[in-house]
2 protein chains.
Amino acid sequence: MPITQSLPDPRVFAALGDPTRLALIERLRRDGALPITRLTDGTGITRQATAKHLSVLAAAELVRATRVGREVRYTLSPAPLHRVAAWAEAVFAENEARLDRLDAYLQAQHPPVQRGENER
Amino acid sequence: MPITQSLPDPRVFAALGDPTRLALIERLRRDGALPITRLTDGTGITRQATAKHLSVLAAAELVRATRVGREVRYTLSPAPLHRVAAWAEAVFAENEARLDRLDAYLQAQHPPVQRGENER
DNA sequence: GGTATGAGCAACCAAGAGGTTGCCTATCAC
DNA sequence: GTGATAGGCAACCTCTTGGTTGCTCATACC
């Protein structure tokens with residue numbers, strides 16, 4: 001069963017590969033739509049730093065910005081997460097399958113000692 | 001239903017956030033245990049570059065090295081992939097749930113027109 | 001109107017990442 | 001033994017990244 005799953009966008013992983021951004025994702029998951037200033041306080045960093053992180057997340061399409069008056073609200077856009085989860089799970093499963101085949105092959109080459117009548 | 005899922009190790013995402021390393025993962029998924037030299041040829045980079053990438057993957061426990069004679073074979077160690085998939089799927093699901101709650105709330109505030117006998 | 005607040009833009013900086021070359025060690029094959 | 005092959009280590013280089021400060025623009029409030 002050759003995998004049909006296409007390779008995911010590395011930018012999504014890269015975007016998730018930073019603790020600050022991971023925390024932003026968690027925050028947005030909990031609280032929904034928040035403007036940059038709100039997302040900034042509590043963290044020890046500047047608003048501009050947060051803005052950069054958000055733009056990385058936006059580039060990976062993990063987050064969507066909508067302007068409301070003078071503020072910009074960020075919300076999670078979880079489609080990439082879904083794709084990433086599917087890929088990771090597929091790789092995991094496929095690897096298990098390969099190991100099983102390898103196992104079967106090795107068993108055939110070196111049948112285990114003491115098997116009992118025909119399986120024990 | 002507050003998420004019990006703990007935050008995943010950012011190093012796993014960071015390790016996956018590079019096209020070269022993603023390709024290495026794919027290669028190992030397909031072909032199983034391979035030494036560095038084999039993993040290197042075909043790619044346009046040096047053996048040392050590949051070694052660095054593999055050490056990043058190993059630090060994230062995505063890959064395991066076993067020495068066989070003079071060569072070192074790398075194999076996928078997919079447990080982190082499983083965890084990552086679970087987290088991503090959980091965030092996806094929780095976000096959908098939050099959106100649904102928001103939706104219900106909005107419906108309650110602005111009941112849709114034409115609801116039937118006693119709503120209109 | 002004037003003032004406070006939310007956000008964007010640009011320059012800058014230090015540290016890290018991805019890559020290289022050069023050299024050394026260990027194992028295999030003969 | 002000799003030579004070829006697999007790999008490790010260290011120094012170096014350049015580009016990116018995470019962060020800052022300073023300034024400007026736009027919207028809201030009174």
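Proteins get letters first, then strands, A, B, ... in listed order; numbering begins at 1 in each.
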### Closest to the B:I45 side chain, choosing from C:dA7, C:dG19, D:dG19
C:dG19
### Message
Suppose we screen for side-chain contact (heavy atoms from CB on, under 4.5 Å). Which residues come up paired with B:E61, at least two apart in sequence or across chains?
### Response
B:P80
#### Entry: B:R21 side chain vs B:A15 backbone, donor-acceptor pair below 3.5 Å
yes
#### Entry: For atom NE2 of A:H53 and atom P of D:dT17, their distance in whole Å
12 Å
### Message
For a quick check, tell me whether the side chain of A:R47 and the base of C:dG8 share a donor-acceptor pair closer than 3.5 Å.
### Response
yes
### Whole-Å distance separating the CG atom of A:D18 from the C1' atom of C:dA17
14 Å
### Query
Does the A:R67 side chain pair with the main chain of A:G69, one donor and one acceptor, at a distance under 3.5 Å?
yes
### Message
Distance check, rounded to the nearest 0.5 Å: B:W87 atom CH2 versus A:E26 atom CD?
### Response
6.0 Å
### Query
How long is the line joining NZ of B:K52 and P of C:dA17, in whole Å?
10 Å
### Task
May I have the distance from B:L57 (atom CG) to C:dG18 (atom P), rounded to whole angstrom?
10 Å
## Note on the structure
Per the under-4.0 Å heavy-atom filter, residues of residues 58-74 of chain A near DNA chain D come out as A:G69, A:R70
### Query
So does B:Q48 reach the base of C:dG22 with its side chain, donor to acceptor, closer than 3.5 Å?
yes
### Message
When you measure from the side chain of B:R73 to the backbone of B:A33, do you find a donor-acceptor pair of N or O atoms at a distance under 3.5 Å?
### Response
no
